[in-house]
Amino acid sequence: QVQLVESGGGLVQAGGSLRLSCAASGRTGSIIIMGWFRQAPGKEREFVASINWSFGVPDYVDSVKGRFTISRDTAKNTVYLQMNSLKPEDTAVYYCATTKFWGARTQNEYTDWGQGTQVTVAS
């Protein structure tokens, strides 16, 4: 099992930037894909981005392409989500999670989850 801890959330004005971090511990050698999801109030949790742990290949949902960048530091067992040009609709709790399946975009395909970090974008 992998333990995940997110950080870096906060309140930002529209057009601003935030960088989220997710630190992994435990069985980090088993990590294949790490992803970010978000859940806004009253909405289902949705996929944001994922990255292949070994090769660094990213995958993004269309709504964040060109604004968000996912990256990882394998030495630190940490995945990042750089979020630029933030919009009020990006407001949500952001979660990181692990999966064995490349291209996975549903929460049922992910196993280990962090506790989430709140991102609020003010208009």
Rounded at 0.5 Å granularity, tell me how far [atom1] in [X] sits from [atom2] in [Y].
| X | Y | atom1 | atom2 | value |
| --- | --- | --- | --- | --- |
| Thr98 | Asp112 | OG1 | CG | 3.5 Å |
| Ser123 | Gln13 | OG | CD | 8.0 Å |
| Gln118 | Thr91 | CD | OG1 | 7.5 Å |
| Glu46 | Arg38 | CD | CZ | 4.5 Å |
| Ile51 | Cys96 | CD1 | SG | 13.0 Å |

Distance-only, no hydrogens or angles: does the [X] side chain make a donor-acceptor pair with backbone N or O of [Y] under 3.5 Å?
| X | Y | value |
| --- | --- | --- |
| Arg67 | Ser85 | yes |
| Glu6 | Gln115 | yes |
| Arg72 | Ser54 | yes |
| Thr69 | Gln82 | no |
| Thr117 | Ser7 | no |

_Other residues, nucleotides and ligands only: do more than 12 of their heavy atoms fall within 6.0 Å of CD on Glu44?_
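Incorrect, the count does not exceed 12.
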
When clusters are formed by joining ILVMFWY residues with side-chain heavy atoms under 4.5 Å apart, either directly or through shared neighbours, do [X] and [Y] land in the same one?
| X | Y | answer |
| --- | --- | --- |
| Leu18 | Leu81 | yes |
| Phe68 | Val119 | yes |
| Trp102 | Ile32 | yes |
| Val2 | Val5 | no |
| Tyr80 | Met83 | no |

Can you name the closest pair of heavy atoms from [X] and [Y] and give their distance?
| X | Y | result |
| --- | --- | --- |
| Leu20 | Tyr94 | CD1-CB, 3.5 Å |
| Ser17 | Asn84 | OG-OD1, 2.9 Å |
| Val61 | Arg105 | CA-NH1, 4.1 Å |
| Ser50 | Ile33 | CB-CG2, 3.9 Å |
| Thr78 | Ser21 | CG2-CB, 4.2 Å |
| Ala24 | Leu4 | CB-CD2, 3.7 Å |

*Going by an N to O cut-off under 4.0 Å, is there a salt bridge joining Lys65 and Asp62?*
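Salt bridge: yes.
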
*Tell me, please, whether Phe37 has Arg45 positioned over its six-membered ring: NZ or CZ under 6.0 Å from the ring centre and within 45 degrees of its axis?*
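No cation-pi geometry.
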
*Geometric class of the Trp113/Tyr95 ring pair [parallel <30°, tilted 30-60°, perpendicular >60°]*: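 Answer is perpendicular, since the angle exceeds 60°.
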
